[in-house]
2 protein chains.
Amino acid sequence: MAKLDFSPIPDTTRRAEIVALLRRAILTGQLEPGQKLNELRISEQMRVSRAPLREAMRELVQEGILTSIPYAGTFVIDVTAKDIIDAYSLNKVLDEFAIELAWPQRDRRFFDELDRRHEAVKQATRAIDTTRQIETALQLHGLIYEWADNSVLLETWQRLTSRLQMYFALHQRARNEPVPAENVHETYVALMKGSEMRAAQRHAREHIDLDFEELLGYARGLEKRATKN
Amino acid sequence: MAKLDFSPIPDTTRRAEIVALLRRAILTGQLEPGQKLNELRISEQMRVSRAPLREAMRELVQEGILTSIPYAGTFVIDVTAKDIIDAYSLNKVLDEFAIELAWPQRDRRFFDELDRRHEAVKQATRAIDTTRQIETALQLHGLIYEWADNSVLLETWQRLTSRLQMYFALHQRARNEPVPAENVHETYVALMKGSEMRAAQRHAREHIDLDFEELLGYARGLEKRATKN
DNA sequence: GACAAGCAGATTGTCGACAATCTAACAAGA
DNA sequence: TCTTGTTAGATTGTCGACAATCTGCTTGTC
């Protein structure tokens, strides 16, 4: 019997679709930080009743990208410089741990997938699709978490990723510059294929620091921004 | 004008109360792993309509202690040995990080709070209130996370704590033994007051390992248990 | 007896309407 | 003028009913 991997059938509830739609809108920056989500308006736009919409929003609140105040409304989280610092410093620690766990698990499929995702980043970069570039870059880094074989760690990282993606998207939107070079991840990929785990961990830390500095500059600009709406 | 700290007014939505009720039922083991939550039955028991109940369940799904299958139902998560191992190994990493961040932030209030929470554990132990003992012990360990001044880290730990509390409760329920000694946290507290950060970190790792071994034994027994309901 | 089709019951997903609460504008009084 | 009470409008929270889906049983056919 031929070995065949079926992809999971899509969640065919309105709720799941709404979650995906809203998450995408938030993570790409179409919904701005601090913005209020009017249930009636959104439900009418989506041609959906408020029940599944509200359930979807509850999920995103727990996911950490929305915040809810009873009888006042649900808002996109505000982003402060400290939030970005906090997320990144935790990310460093998790990366180091994930590399340690994933290291002995690396196999042929790992390396293939590493190349595939790296290629996806480069392609998005060439196409100057910044949104997709951010997505693919995070997916590239997510590989070590998938291979770490620790479900709690993976979940934790996915939560963190939501925020990182949002931060990056806001950053890109704000400066509105051409995307970074195509080969920023070359060294990372090479090290993940190599035999020096410590070197890979060290690079991960430093690599993160690089992007971080840029993001932080953007974050500082945010600090004095008052929450409107 | 006298300086007065008001505690935040409680969330007076049914949803919030339901979340608290359900969470407590799950974390104390009253709702068993794998068990299905019948919406109609629960909503009738709570004298509440299904809408807020469903929203509450959505929150707990995202919190990681419930799992939902569309059109099939919502279930308490199953606990496997691997889940416990994963949670603990991540906890070790986070503890080390939290101690590092919190270390320079320790002040008078920190030490006071440390004693207060330690006392709470000992009191629960004397009262042989195992549920409360687990709660207070986790709160004691949570102090370093609160002092670490990293909101993402704190959130992450709180999510993790939900599971740890559940695992401990199940463990206690299963063996049904008198609670451990009253002074298990003496060394931890002493080290957190001391000046040797490395020693504190090392102890945290080892202390965790101690409880872990016991829990793991319980977890192994779970492995062959089929999911009923 | 084995198996597929179809039906009935139970359960989850979704809807539209009503109740509770908040906000902001306005009026009244010190 | 400032403060306080009131009220109207908008928005969120909750409810009960209906639609979609699943599960297990029954029935009919071979």
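Letters go in sequence order (proteins before strands), and every chain restarts at 1. Nothing here was measured: the structure is a model prediction, and the numbers come from that model.
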Just call it for L37(B): base, sugar-phosphate, or nothing, with non-hydrogen atoms closer than 4.0 Å on any strand.
sugar-phosphate

Contact class for R50(A) (heavy atom, under 4.0 Å): base, sugar-phosphate, or nothing?
base

Where the side chain of E39(A) is defined as all heavy atoms beyond and including C-beta, which of dT12(D), dT12(C), dC15(D) is the nearest nucleotide?
dT12(D)

Side-chain ion pair, E63(A) and R163(A), N-O less than 4.0 Å:
no

Within the pair R54(B) and dG13(C), is there a side-chain N or O less than 4.0 Å away from OP1 or OP2?
yes

In whole Å, what is the span from the CG atom of L53(B) to the P atom of dG13(D)?
16 Å

Do any side-chain nitrogens or oxygens of S49(B) fall under 4.0 Å of OP1 or OP2 in dT14(D)?
no

From CD of E55(B) across to C1' of dT14(C) the rounded distance in Å is 13 Å

Between dG13(C) (P) and L40(B) (CG): distance, integer Å
13 Å

With distance as the sole test, does K82(B) use its side chain to make a donor-acceptor pair with the main-chain N or O of D149(A) at under 3.5 Å?
yes

Using a distance-only test with no angle check, is there a side-chain donor-acceptor pair under 3.5 angstrom linking R159(B) and T156(A)?
no

Between E135(B) and R132(B), is there a salt bridge with N-O shorter than 4.0 Å?
yes

What stems involve DNA chain D, if each pair must be Watson-Crick or G-U and both of its distances must be under 3.5 Å, with 3 or more such pairs in a row?
C:1-30 with D:1-30

From the candidates dG13(D), dT11(C), dT14(D), the one with an atom nearest any side-chain atom of K36(B) is dT11(C)

Can you tell me which nucleotide in dG13(D), dG13(C), dT11(D) comes closest to the side chain of N38(A)?
dT11(D)

Can R108(B) and D112(B) be counted as an ion pair, charged N to O under 4.0 angstrom?
yes

Contact nearer the 5' end of DNA chain C, comparing V48(A) with Y71(B):
Y71(B)

Starting from P on dA20(C), measure out to CD1 on I69(A) and report it in whole angstrom.
23 Å

SB check E113(A) R106(A) (cutoff 4.0 Å)
no

Only one of L160(B), V121(B), T161(B) forms a side-chain contact (heavy atoms from CB on, under 4.5 Å) with L138(B), so which one is it?
T161(B)

Whether R14(B) contacts dC15(D) is assessed here as follows: a side-chain N or O lying under 4.0 Å from the phosphate OP1 or OP2. Is that the case?
yes

Whole angstroms only, please: what is the CE-P distance between M57(B) and dG13(C)?
8 Å

Under 4.0 Å: is that the gap between some side-chain N or O of R41(A) and OP1 or OP2 of dT12(D)?
no

